[in-house]
S.K.: 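Let me begin by handing over the structure; questions about it come next.
The figures here come from the full heavy-atom set of this structure, side chains too, leaving out hydrogens, waters and symmetry mates.
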Amino acid sequence: MIRLLPRRPSLLLWRMLFAELLRTLALTAVALTASIAFAGAVKPLADGQVSLLDALRLTGLLAVPMLQYALPFAAGFAATLTYHRFGAENEAAAAYASGIGHRTVMIPAVVVGVLLCGSLLVLADQVMPRFLRSAESLVQRDITRLLVGPIQRGRSISLDDFEIHADEAIGPLRPGEESAAFQHVVLRGVLAVRPSETGSAEWYSAQRVDVWLVDNPNEPGGMGIKLVFQGASTSSPEAMAEGERFETRIIPIPSTVDDNVKYLSFAEMREVRDRPRKMNQLDRRARMLIAALREHRKIDRVRSEIEQRGRVIFGQGDQRIVLTASSMTPDGEDRWRIAHATPGTRIALTVRMADGRERLQTARSAVLRFREDALGDVAMSGSLSLTLQGVSTIGPDGESTVERAEQVYANLSVPGVEFDDLNEASVAELLREADEAILRDGHGASRIRTLRRNLEERHDRLQRELIGKSHGRIAYGAVTLVMILAGAVIALRLKDSLPLPVYMLSFFPALAAVLAISVGERMAERAMVPGMLLVWGSVLLLALYTMLAYAHLRRH
């Protein structure tokens, strides 16, 4: 009889507790994860973003990421039920009487907690981001459903800086074989509004607008939307003629996959920390600053040429424009007035055409400015234009002249200005370049100052967000270990109470800790120290609560 008993009674106890704990944990985790995942898929289904079949696929994809929230509570619940039953049926008293101490009884909970903690860290690092990417792509790829659904419900849609309302949306349609698009939607009775440079609103109306979903050539793997207006009119006469057909540039579709650090592994977070321009939102701000720095370099070159040589050469296609002047002064935002130092002296231009002929002009005044395209593409450099007032064009015979009130030379280039060094510059290099530009021309660099501040703020926020997210993942693993210990300790301490009230005593403190971790992650984006204190303070307080309960258990 004695040989049939294990040499160490604790082995039999551990095996029993392990089996019961893992069985309850598996059942609880499956039920809780499925409920949370289905809840996450309900909203896209209700909003018409996904079909019923895609909603089921989305539930399956969300099941793995939801383990981060389900496992801590499932572990705490499993530990509570297992150890409460162990204590209520006097098995704990028998174990204590046979010489098995409290720490030995708690070993199964500690081992399972450590395994869950490690598993959550691996899942959060390698598995969860991939499933989240797949789930996001499932919703985002069917972008036409996101366009058609709101319009059919009478709501407007936002594309870039356009706010678009349409009477009817037709689609998705199959693009023709010759088209580079892969989805097509037709909007009828369209009114589009966007803010103008002056702060007022510009409106565009069209009988029909074709929306084409295409690959974005500027972002490998990204998508974009091109709008084609038919029979359009606008409140901005400079944008297009009445009834004109025009196409927009490709409007990039913001990808939350590429702009949210929750889709990154720890290794990818380290890479983004070193190369933050991999994130689209920050890179877009960097390209906006690059565009402004390019403009500033052009203006610096023009100013230097005028002050040192008394003339500057512009390029316009195959022809060259030689402008003779002696001064250049700021005249508002993105405007510079060019004139001679002697009042009343006219500005001279020589237009050298590709065939070698020259055309001479004089002007009373000249204004150099950067003008955005009709779509307000702030991510790209605007075109440099020269507006002349009171223009006299001397004919080929050298005697006849043609008088014009105004003449505009658009899309001008400044030979000798290089930009390649800015394209791949890091954020730190761009900030230094912006600082130098601000020091050289404080008043004329007001736009650079604003864009520099926006880039620096987004960069600092990204760095804090990376730290907060990485610490949050580790804290979720740590709180899982503490929650399973809290459930086991409180269940043994209150073995004579009902299981549900016992679980509540560990559930609410654990819930507060999980919520504090989530809030702390987001708070770290704005204030790092308070966010980290909230993340780890919640874990430490729950651990202290568990230690006090364990000390009370040992005394009694």
Side-chain angles (χ1 to χ4, degrees), residues 24-78 115-146 149-150 221-223 253-269 279-280 465-466 468-477 479-480 483 507 510-511 513-522 525:
T24 309
L25 173 63
L27 294 175
T28 308
V30 168
L32 193 56
T33 302
S35 301
I36 299 177
F38 180 73
V42 165
K43 188 177 186 301
L45 177 63
D47 292 342
Q49 299 178 10
V50 295
S51 63
L52 179 59
L53 181 60
D54 287 339
L56 296 177
R57 294 176 55 195
L58 185 60
T59 301
L61 291 173
L62 291 176
V64 175
M66 293 303 107
L67 288 173
Q68 181 170 342
Y69 307 100
L71 274 183
F73 294 102
F77 183 73
L115 291 177
L116 288 178
C117 177
S119 301
L120 266 182
L121 290 177
V122 174
L123 288 173
D125 180 41
Q126 297 296 328
V127 182
M128 292 180 185
R130 299 178 184 179
F131 276 78
L132 285 173
R133 287 193 187 104
S134 300
E136 184 69 25
S137 299
L138 179 65
V139 177
Q140 189 181 49
R141 192 67 182 179
D142 195 7
I143 192 66
T144 55
R145 194 184 300 272
L146 300 180
M223 294 183 294
I253 300 174
S255 173
T256 55
V257 174
D258 297 329
D259 290 330
N260 198 321
V261 298
K262 72 179 181 180
Y263 300 105
L264 304 178
S265 64
F266 285 121
E268 291 170 336
M269 286 184 184
M279 305 299 287
N280 283 343
E465 189 178 357
L466 290 169
K469 179 60 69 174
S470 59
H471 279 259
R473 289 180 179 177
I474 299 173
Y476 274 116
V479 82
T480 303
M483 284 177 68
F507 171 78
L511 178 62
V514 171
L515 291 177
I517 293 173
S518 180
V519 173
E521 282 185 9
R522 291 167 174 78
E525 299 177 14

S.K.: May I have the step-by-step check of side-chain contact (heavy atoms from CB on, under 4.5 Å) for Arg130 and Val64, ending in yes or no?
M.R.: CA-CA 10 Å; Arg130 299 178 184 179; Val64 175; over 6 Å; no

S.K.: Measuring from atom CG of Leu116 to atom CG of Leu121, what distance do you get when rounded to the nearest 0.5 angstrom?
M.R.: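 Result: 11.0 Å between the selected atoms.
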
S.K.: Closest approach of Leu32 and Ala70, non-hydrogen atoms and distance?
M.R.: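 That closest heavy-atom pairing would be CD2-O, 3.5 Å.
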
S.K.: Evaluate the criterion side-chain contact (heavy atoms from CB on, under 4.5 Å) for residue pair Leu466 and Met279; output intermediate values, then yes/no.
M.R.: CA-CA 12 Å; Leu466 290 169; Met279 305 299 287; over 6 Å; no

S.K.: Starting at SG of Cys117, measure out to CG of Leu71 and round the result to the nearest 0.5 Å.
M.R.: 11.0 Å

S.K.: Any idea which heavy atoms bring Glu521 and Gly472 closest together, and the distance?
M.R.: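 Closest heavy-atom pair between Glu521 and Gly472: OE2-CA, 3.1 Å.
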
S.K.: Can you measure from CG (Leu67) to CG (Leu123) and round to the nearest 0.5 angstrom?
M.R.: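 With rounding to 0.5 Å, CG (Leu67) is 6.5 Å from CG (Leu123).
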
S.K.: Show your working on side-chain contact (heavy atoms from CB on, under 4.5 Å) between Tyr69 and Tyr476 and close with a plain yes or no.
M.R.: CA-CA 8 Å; Tyr69 307 100; Tyr476 274 116; 3.5 Å; yes

S.K.: Apply side-chain contact (heavy atoms from CB on, under 4.5 Å) to the pair Arg473 and Met269, showing each step before the final yes or no.
M.R.: CA-CA 12 Å; Arg473 289 180 179 177; Met269 286 184 184; 3.6 Å; yes

S.K.: Nearest 0.5 Å please: distance from the CZ atom of Phe266 over to the NZ atom of Lys469.
M.R.: 10.5 Å

S.K.: Could you tell me the separation between the CG atom of Leu115 and the CG atom of Leu120, rounded to the nearest 0.5 Å?
M.R.: 11.5 Å

S.K.: Are any side-chain N or O atoms of Ser518 and backbone N or O atoms of Val514, one a donor and one an acceptor, separated by less than 3.5 Å?
M.R.: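 Checking the backbone N and O of Val514 against the side chain of Ser518, no donor-acceptor pair under 3.5 Å is found.
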
S.K.: What pair of heavy atoms forms the shortest contact from Ala31 to Ser35, and how long is it?
M.R.: O-OG, 2.9 Å

S.K.: Closest heavy-atom contact between Ser265 and Pro129?
M.R.: N-CG, 4.4 Å

S.K.: Tell me whether the count of non-hydrogen atoms from other residues, nucleotides or ligands lying under 6.0 Å of CZ in Phe38 goes above 12.
M.R.: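 12 or below, so no.
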
S.K.: Got a second to check how far Phe73's CZ is from Thr28's OG1, nearest 0.5 Å?
M.R.: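 It comes to 13.0 Å.
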
